[in-house]
**Student:** 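Submitted below is the structure of interest, expressed as structure tokens.
Hydrogens, waters and symmetry mates play no part in the numbers below; they use all other heavy atoms, side chains included.
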Number of protein chains: 2
Amino acid sequence: MKDKILQYLSKYTVITKELEKAIAESTFIQCFKKGEILLKKGSTSNECYFIIKGCIRSYYLKDGDEKTIEFYTEDEAVIPLNYDTIIPSGHYLECVEETIVSVGNPELESETFQKFPELATLSRIIGEKIMAQQQESFADYKMSTPEERYLNLVKRRPDLIQRVPQHQIASYLSIKPESLSRIKRRIMNK
Amino acid sequence: MKDKILQYLSKYTVITKELEKAIAESTFIQCFKKGEILLKKGSTSNECYFIIKGCIRSYYLKDGDEKTIEFYTEDEAVIPLNYDTIIPSGHYLECVEETIVSVGNPELESETFQKFPELATLSRIIGEKIMAQQQESFADYKMSTPEERYLNLVKRRPDLIQRVPQHQIASYLSIKPESLSRIKRRIMNK
DNA sequence: TCTATTTCTTAACTAAAGTCAATGCGACGA
DNA sequence: TCGTCGCATTGACTTTAGTTAAGAAATAGA
């Protein structure tokens, strides 16, 4: 199970036996059922997740309906916006399907970081990378029409189209399910 | 001139005489004219900026027209997406008006960080803050209609409406100038 | 297995943004 | 001072998304 995290981290640094042990001690594995809520609006968050298997969706509630912000799948880190703060969350985290995660929390994290400073550096580097990716996908999003966004999604994350309900895909693209149906038909007839 | 940076940093940490000196040594002041390009698409970037006075716009070129991603004004940090990497930039940075900035670069930065580890920590904290803000504004953007985005902009950054040409505001809201005109009229008639 | 519920699609209509073209306004330089 | 150019606005028309409502398909639960 934990192999996947080590595999992920080994892309960035050399994993010593000691480090392996430290990571094993500072995280634990947890399993959630489809539909389970990991984080509610209004509550604080002191857990972050690394997805071993499954899919997590983050969304806001506005005018009674859900606005999907992001889908996280295998080998991705889910760090709530308010992680390690006392700020109540504005968004929800929900499991799209049965999901196995490795859970981290600030206390265990800072302990491990003190023992392994290279992990702190690593964490910063990965953080910067995520930030750069986010900025890029924001730019992509802003520059595209709903149809382009859908085509882009099909290209980059074809698995999502299969495993996530269409109305959640639609909300992710900021359109109504009816519009997504029409867009798909439009593309078919080309 | 440099007072503004110290003032900004003093919100986060105590500024000693030594630190003040180090900051003075690791940055320099530069002035750009209206319309000057600080970063071109395709080139690498080894400079970041802190705006003392003025306004900088980042934009992409798509299908021949400019897609504005962000406006940066007084007391804001402008860190190109590809800063301190060998990746060629996908976006441009342009001065909306005459702009005075404090310039930083990776070499000077890492020197100062070694001498003042608290500055490295600070830089990380500010980085995380910027990241959280970005995520929030992305969520806000995704959840809003063009009209809501315009009203939001008027509320949060009324100065931009005054100092930036309307067609750039429109591109920032991802609409055409004609649509922005209509939105303004619609709001007037309410 | 059968039912009930959710999800997806379709249709008709409304609302809003895109497109194209024309006009008006103001800044800037000759 | 005048003329030019870029910018903002307006109008007519097209395209696309939202809304409402209905029905078909898929899914989950009893």
**Student:** Might you work through the side-chain contact (heavy atoms from CB on, under 4.5 Å) test for B/Val103 and B/Thr27, ending with a clear yes or no?
**Tutor:** CA-CA 5 Å; B/Val103 186; B/Thr27 60; over 6 Å; no
**Student:** I need the CD-P distance between A/Gln168 and D/dT27, as an integer number of Å.
**Tutor:** 15 Å
**Student:** For A/Arg163 and D/dA26, what is the distance between atoms CZ and P respectively, to the nearest whole Å?
**Tutor:**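 Roughly 21 Å, once rounded to whole Å.
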**Student:** Would one find a side-chain N or O of A/His167 under 4.0 angstrom from OP1 or OP2 of C/dT6?
**Tutor:**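 So the side-chain polar atoms of A/His167 never come under 4.0 Å of the phosphate oxygens OP1 or OP2 of C/dT6.
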**Student:** With hydrogens left out and only the distance checked, is there a donor-acceptor pair under 3.5 Å joining B/Arg182's side chain and the base of D/dG11?
**Tutor:** no
**Student:** Counting only side-chain nitrogens and oxygens, does B/Arg149 get under 4.0 Å of the OP1 or OP2 atom of C/dA17?
**Tutor:** no
**Student:** Looking at C/dT10, C/dC8, D/dA8, which one has an atom nearest to any side-chain atom of A/Gln166?
**Tutor:**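 Among the listed nucleotides, the one closest to the side chain of A/Gln166 is C/dC8.
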**Student:** Think B/Ser179 has a side-chain N or O under 4.0 angstrom from the OP1 or OP2 of C/dG18?
**Tutor:**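 For B/Ser179, the contact criterion (side-chain N or O under 4.0 Å from OP1 or OP2 of C/dG18) is met.
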**Student:** Are any of B/Lys184's side-chain N or O atoms less than 4.0 Å away from OP1 or OP2 of D/dA8?
**Tutor:**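 Answer no for this pair, as no side-chain N or O of B/Lys184 is under 4.0 Å from OP1 or OP2.
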**Student:** To the nearest angstrom, how far is B/Tyr150 atom OH from D/dA8 atom C1'?
**Tutor:**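 B/Tyr150 atom OH is separated from D/dA8 atom C1' by 12 Å.
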**Student:** Given D/dA28, D/dA8, C/dT9, which nucleotide is nearest the side-chain atoms of A/Pro177?
**Tutor:** C/dT9
**Student:** In terms of side-chain heavy atoms of A/Lys176, which of D/dG18, D/dT9, C/dA11 is nearest?
**Tutor:** D/dG18
**Student:** Could you tell me how far apart B/Leu180 (CG) and D/dA8 (P) are, to the nearest whole angstrom?
**Tutor:**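 Roughly 9 Å, once rounded to whole Å.
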**Student:** Below 4.0 angstrom, N of the basic side chain to O of the carboxylate: do A/Arg186 and A/Glu147 qualify?
**Tutor:**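 A salt bridge is present here (some side-chain N lies under 4.0 Å from a carboxylate O).
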**Student:** Ignoring backbone atoms, establish whether B/Arg185 has a side-chain N or O less than 4.0 Å from OP1 or OP2 of D/dG11.
**Tutor:**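 Yes, B/Arg185 has a side-chain N/O under 4.0 Å of OP1/OP2 on D/dG11.
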**Student:** Using atom CD of B/Glu148 as one end and atom P of D/dG18 as the other, report the distance to the nearest whole Å.
**Tutor:** 12 Å
**Student:** Let me know the distance between CD of B/Glu178 and P of D/dA8, rounded to the nearest Å.
**Tutor:**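 Roughly 11 Å, once rounded to whole Å.
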**Student:** Looking at B/Gln30, I want to see if its CD is surrounded by more than 12 non-hydrogen atoms of other residues, nucleotides or ligands under 6.0 Å.
**Tutor:**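 More than 12 heavy atoms, drawn from other residues, nucleotides or ligands, come within 6.0 Å of this atom.
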**Student:** To the nearest angstrom, how far is B/Ile161 atom CD1 from D/dC7 atom P?
**Tutor:** 17 Å
**Student:** Please find out if less than 6.0 Å separates the ring center of B/Tyr92 from that of B/Tyr60.
**Tutor:**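 No, the ring centres sit 6.0 Å or more apart.
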**Student:** Side chain of A/Arg186 only, heavy atoms from C-beta on: which candidate in D/dT19, D/dA17, C/dA17 is closest?
**Tutor:**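 When the side chain of A/Arg186 is considered, D/dA17 is the closest of D/dT19, D/dA17, C/dA17.
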**Student:** With no hydrogens and no angle check, do the side chains of A/Thr121 and A/Arg124 hold a donor and an acceptor under 3.5 Å apart?
**Tutor:**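 No, A/Arg124 and A/Thr121 have no side-chain donor paired with an acceptor closer than 3.5 Å.
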**Student:** CG of A/Asp65 versus C1' of C/dT7: gap in Å, rounded?
**Tutor:**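 Atom-to-atom, A/Asp65 to C/dT7, this comes out as 16 Å.
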**Student:** Pick the closest DNA chain C nucleotide for B/Lys34 and for A/Pro165 by heavy atoms, then say which residue is nearer the 5' end.
**Tutor:**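 Result: A/Pro165.
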